[in-house]
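Order of listing sets the numbers, starting from 1, for every ligand and every atom in it.
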Amino acid sequence: MGNQVNAIDAAFQRLRGEGRTALIPFLTIGDPDLATSVEIIGALEQAGADMVELGVPYSDPLADGPVIQRASERALSNARVTLVDCIEVAEQSRNAGIKLPFILFTYYNPVLQYGLERFFELVTAKGISGLIIPDLPIEEDAELRAMAEEAGIHLIPLVAPTSNDRVKRIAAKARGFVYCVSSLGVTGVRADFHQGIDEFLATVRSATDTPIAVGFGISSREQVERFSKQVDGVIVGSAIVRKIEEAVPLLQSPDKKQEGLAQIRAFVSELRG
Ligand SMILES: O=P(O)(O)OC[C@@H](O)[C@@H](O)c1c[nH]c2ccccc12
């Protein structure tokens with residue numbers, strides 16, 4: 001896998017040529033069930049998403065606000081979704097013809113429980129191009145980083161407005177993109193962002209040639225546009241997960257599922273503009 005062009009890099013190159021900013025949705029896999037997650041990923045692609053964060057539900061999502069916490073609870077209670085299930089959803093989505101680059105999003109514990117060696121055997125050649133582990137700081141990620149590089153999977157770091165001098169160290173090692181967290185605190189829709197957000201994004205931009213993306217709190221077209229001038233990608237999670245939550249009754253009734261998927265597609269199309 002080492003010498004192949006990573007799909008995330010290819011996507012950013014294409015977007016740069018088109019003068020566009022990547023729209024990167026996040027969803028919790030297994031919410032409301034595994035088969036529906038494949039269909040939702042298809043709807044995200046149809047709506048114009050450029051890559052997608054596949055969230056592994058976790059019992060203790062410390063960095064998540066109430067919307068994503070509820071999504072994890074639904075996935076864990078309905079289908080007891082595991083790390084393996086999430087990687088199988090990635091594979092099923094590929095087999096369904098979905099081309100989006102996949103970024104596996106997981107807290108560190110499920111990976112540790114599964115075992116690093118086994119984890120990388122599991123994810124290799126399953127169509128996963130990136131990995132985000134929000135609670136694995138660069139000071140502790142050497143072993144996992146080496147294994148990710150070996151597997152041709154980009155370990156995507158997060159930087160927060162408080163990272164200060166760490167920004168340069170984090171950005172220098174970044175692969176895929178640097179995930180710039182727009183605000184302090186947990187995930188969730190916001191009306192405004194960290195007061196120094198513009199300087200922060202400029203600092204990250206000047207610290208690396210790797211693409212940078214911003215996430216946390218983004219829920220509208222105008223917010224996407226506001227950031228599009230400063231970054232290469234915009235990540236939207238809670239606002240989309242909330243739409244999925246609202247659509248769950250439709251998604252779970254066979255004759256109304258398409259209507260539920262259409263609602264999600266319409267919201268993401270609106271974000272994309
Ligand atoms: O939900 P928001 O505010 O749109 O932010 C993106 C976020 O959902 C996604 O990237 C994510 C989900 N869980 C996380 C935990 C930490 C950092 C980021 C995340």
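By the 4.0 Å heavy-atom criterion, Gly217 is counted among the residues contacting ligand 1. The shortest heavy-atom distance from Gly55 to ligand 1 is not under 4.0 Å.
Between Val189 and ligand 1, a contact under 3.5 Å exists for no N or O pair.
Ligand-side atoms of ligand 1 in range of Pro134: 16 (C), range being under 4.0 angstrom from any heavy atom. Set against the non-hydrogen atoms of Glu53, the atoms of ligand 1 under 4.0 Å away are 9 (C), 10 (O). Close approach of ligand 1 to Leu158 (heavy-atom distance below 4.0 Å) involves ligand atoms 17 (C). Every atom of ligand 1 with a heavy atom of Ala63 under 4.0 Å away is listed here by number and element: 15 (C), 16 (C). The atoms of ligand 1 that sit less than 4.0 Å from any heavy atom of Gly188 are 1 (O), 2 (P), 3 (O).
Atom 4 (O) of ligand 1 has its closest protein heavy atom at Gly237 N, 2.8 Å. Closest protein heavy atom to atom 18 (C) of ligand 1: Phe216 CE1, 3.4 Å. Among all protein heavy atoms, the one lying closest to atom 8 (O) of ligand 1 is Ile68 CD1, 3.1 Å.
Ion pairing of Glu139 with Arg166 is present here, as a side-chain N (NZ or NE/NH1/NH2) and a carboxylate O approach within less than 4.0 Å. Salt bridge Lys126/Glu88: absent, no basic N to carboxylate O contact under 4.0 Å. A salt bridge does not link Lys99 with Glu45: none of the charged nitrogens is closer than 4.0 Å to a carboxylate oxygen. A salt bridge between Arg74 and Asp33 is absent, with no side-chain N of the basic residue lying under 4.0 Å from a carboxylate O of the acidic one. Using a 4.0 Å cut-off between charged side-chain N and carboxylate O, Asp198 and Arg226 make a salt bridge.
Interatomic distance, Ser269 OG to Ile264 CD1, rounded to the nearest 0.5 Å: 11.5 Å. Here the OG1 atom belonging to Thr106 is positioned 8.5 Å from the OH atom belonging to Tyr58, to the nearest 0.5 angstrom.
Checked against the 6.0 Å centroid criterion, the rings of Phe227 and Phe193 qualify as a close aromatic pair.
Between the choices Tyr179, Tyr107, Phe105, the shortest heavy-atom distance to atom 10 (O) of ligand 1 belongs to Tyr179. Nearest residue to atom 12 (C) of ligand 1 from Val186, Thr106, Asp64, Val214 is Asp64 (criterion: closest heavy atom).
At a heavy-atom distance under 4.0 Å, atoms from both the backbone and the side chain of Ser238 approach ligand 1. Counting heavy atoms closer than 4.0 Å to ligand 1, residue Phe26 contributes side-chain atoms (C-beta onward) but none from N, CA, C or O.
No cation-pi contact links Arg272 to Phe267, judged by a cut-off of 6.0 Å to the six-membered ring centre and 45° from its axis.
Counting only heavy atoms from C-beta outward, the side chains of Phe26 and Val236 never approach each other to under 4.5 Å.
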